[in-house]
Amino acid sequence: MAAFALTDEQRSYLRQVREIAAAELVPLAEQGVEGSVNRPLLAAMGSHGLLSRLFGGTGRSAAAMELCLLREALAEVCTDAETALALQALGSYPFLLFGTEGQAARYRDPVAAGTVVASFALSEDEAGSDAAALRLRAEPDGDGWRLTGEKTWISNAPEADVYTVFARTTPDARARGITAFVVAGDSAGLTGEHLDMLAPHALGRLVFDGVRVGPADVVGEVDAGFKVAMRTLDVLRPSVGAFAVGMAQAALDAALSHTTRRQAFGGPLSDQQAVSHLLAEMATRVEASRLLVYAAAAAHDAGAPPAQLTRQAAMAKLFATESAQYVVDTAMQLHGARALQRGHLLERLYRDVRAPRIYEGASEVQRTIIGRSLVQRATQTRQEGSG
Ligand code: COS
């Protein structure tokens with residue numbers, strides 16, 4: 001059997017997910033307002049049990065392969081549903097995986113039902129790729145802290161009901177002075193605004209004006225929040241790759257359908273060697289991306305060593321998102337002017353495929369992570385050899 005071939009059960013479940021998406025989620029997505037959280041869509045995903053599958057058997061673990069398969073399947077049919085699902089995982093994994101029982105008990109069921117919208121608030125104007133430079137202040141206040149500062153480019157903001165907020169508890173300590181907090185969306189002193197971005201989902205800026213958080217809101221340990229952020233991203237990054245694979249597959253299917261039907265120069269377009277070589281290149285990159293994504297997710301679920309997980313997650317995200325950009329662009333080229341028409345599948349994919357090369361760690365950050373990991377492994381191996 002091929003490596004990472006899906007089981008019959010997985011295939012049939014994903015078929016079912018695509019059917020639910022086409023019949024029920026696409027119409028709800030079409031009724032949504034671009035750039036706003038679509039609550040009816042999330043609630044429908046919750047009622048079909050799609051969201052609860054992200055939280056493992058106990059509801060306190062990440063099911064990486066499940067997350068990837070769902071993202072890939074939904075991306076082929078309804079990217080709005082795909083992104084809504086992923087953001088529930090990104091926003092809630094920090095406190096469900098690393099938080100207290102109290103935090104999990106309060107939010108797990110409503111997040112899984114799609115009635116509470118979750119969000120991950122890490123980036124700031126001057127701390128994007130360099131996340132350890134973040135400045136949002138958590139200043140001591142009695143037994144807790146007050147949060148003051150701003151977050152920006154935050155998915156689901158400012159509409160989310162619960163945020164995982166990464167704040168500076170120790171000045172000048174970079175990664176070793178950051179703490180993660182759970183913050184309710186209706187907290188006093190928390191305001192925000194929408195940003196108009198090249199992405200179909202809600203993205204916004206948050207302003208914290210002395211927002212009070214207590215010891216019960218700390219996720220993990222004080223000053224150990226950077227690791228919570230990085231470990232959460234390690235789980236999510238392969239799934240960004242899965243999203244890219246789903247979009248690329250949809251573009252490839254469209255290109256195959258078009259080029260085998262379209263007549264030009266006395267035969268189907270696919271008879272042109274220039275065209276068939278492009279189709280071959282597209283299909284090869286989609287398949288290679290899929291295997292990298294499945295390998296990274298399977299390694300996570302099998303409990304592989306952290307350094308390996310981080311490296312594989314970065315490789316999967318890097319290769320799949322860059323490949324998807326190529327595949328969607330090439331599919332558009334093969335379609336010609338018709339794909340530029342507003343509302344065409346490829347016109348939409350062309351817009352949707354761009355952001356994943358930037359968010360959850362730009363391609364350049366992934367290369368840095370992979371490069372560092374390779375050097376570290378080579379150095380370690382050499383030291384062990386000479387020891
Ligand atoms: N898992 C656990 N711990 C990790 C980790 C991981 N994947 N990555 C780093 N750490 C730890 C390191 O071990 C180190 O710990 P110690 O201080 O105990 O030694 C600490 O975190 C700092 O790590 P590092 O020195 O590698 O941090 P850098 O400032 O060099 O930054 C990058 C690392 C660039 C990888 C990080 O800032 C990053 O991922 N940036 C992109 C952020 C991002 O994805 N933003 C998108 C927001 S969501 S849309």
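One is the number of the first residue; the rest follow in order along the sequence.
Inter-residue side-chain proximity for P356 and M247 is flagged as met; some heavy-atom pair is nearer than 4.5 Å. Counting heavy atoms from C-beta on, the side chains of L25 and L50 come closer than 4.5 Å. The shortest side-chain heavy-atom distance between L136 and E150 does not fall under the 4.5 Å cut-off. The shortest side-chain heavy-atom distance between R354 and I358 falls under the 4.5 Å cut-off. By the 4.5 Å heavy-atom criterion applied to side chains, L236 and R71 are counted as neighbours. Using a 4.5 Å cut-off on side-chain heavy atoms (C-beta onward), V162 and V183 make no contact.
Summarising the geometry of P215 relative to D143, their closest heavy-atom pair is CG-O, 3.2 Å, with the distance given to 0.1 Å. In terms of heavy-atom proximity, R135 sits nearest to E126 at NH1-OE1, 4.2 Å. The minimum heavy-atom distance linking S119 with S155 is given by the pair OG-O, 2.8 Å. For the pair H194 and A157, the tightest heavy-atom approach, listed with the atom from each and the gap, is ND1-O, 4.1 Å.
The closest donor-acceptor contact from the side chain of E360 to the backbone of D234 lies at 3.5 Å or more, if one exists at all. A donor-acceptor pair under 3.5 Å links the side-chain atoms of R60 to the main chain of G99, judged by distance alone. Under a 3.5 Å cut-off, the side chain of D161 and the backbone N or O of G185 do not form any donor-acceptor pair. At distances below 3.5 Å, not a single donor-acceptor pair connects side-chain atoms of E384 with backbone N or O atoms of T381. Side chain of H335 to main chain of A331: a donor-acceptor pair is present (N/O by atom type, distance under 3.5 Å, no hydrogens or angles). Side-chain atoms of S36 do not come within 3.5 Å of backbone N or O of G32 as any donor-acceptor pair.
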Give the intermediate values and the outcome of side-chain contact (heavy atoms from CB on, under 4.5 Å) for residues R231 and V235. CA-CA 7 Å; R231 289 172 64 189; V235 183; over 6 Å; no

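Within a 6.0 Å radius of CZ in R348, more than 12 heavy atoms belonging to other residues, nucleotides or ligands are found. Few gaps surround CZ on R351; more than 12 heavy atoms of other groups in view lie less than 6.0 Å from it.
T321 and R357 share no donor-acceptor pair across their side chains, judged by distance under 3.5 Å alone. A donor-acceptor contact closer than 3.5 angstrom links the side chains of T169 and T179. Using a 3.5 Å distance cut-off with no hydrogens or angles, the side chains of H48 and E24 do pair a donor with an acceptor. Side-chain contact check for Q308 and Q312: at least one donor-acceptor pair (N or O, by modelled atom type) lies under 3.5 Å. Using a 3.5 Å distance cut-off with no hydrogens or angles, the side chains of E66 and Y13 do not pair a donor with an acceptor. Side-chain contact of D253 with Q249: a donor-acceptor pair under 3.5 Å is present, judged by distance alone. Side chains of D125 and T152: no donor on one and acceptor on the other come within 3.5 Å. Between the side chains of S373 and R311, at least one donor N or O sits under 3.5 Å from an acceptor N or O. A donor and an acceptor atom, one from each side chain of R261 and S257, are located under 3.5 Å apart.
A cation-pi arrangement is present between R285 and Y326, with the terminal nitrogen or guanidinium carbon under 6.0 Å from the aromatic centre and inside a 45° cone about the axis.
Taking the six-membered ring wherever Trp is involved, the centroid distance between the rings of F181 and W145 falls below 6.0 Å.
Checked against F95 for a ring-ring contact (aromatic ring centres under 6.0 Å, His included), the options F55, Y107, Y163 give a single hit: Y107.
L279 and L349 sit in two unconnected hydrophobic clusters of ILVMFWY residues. Membership requires side-chain heavy atoms under 4.5 Å apart, directly or through other members.
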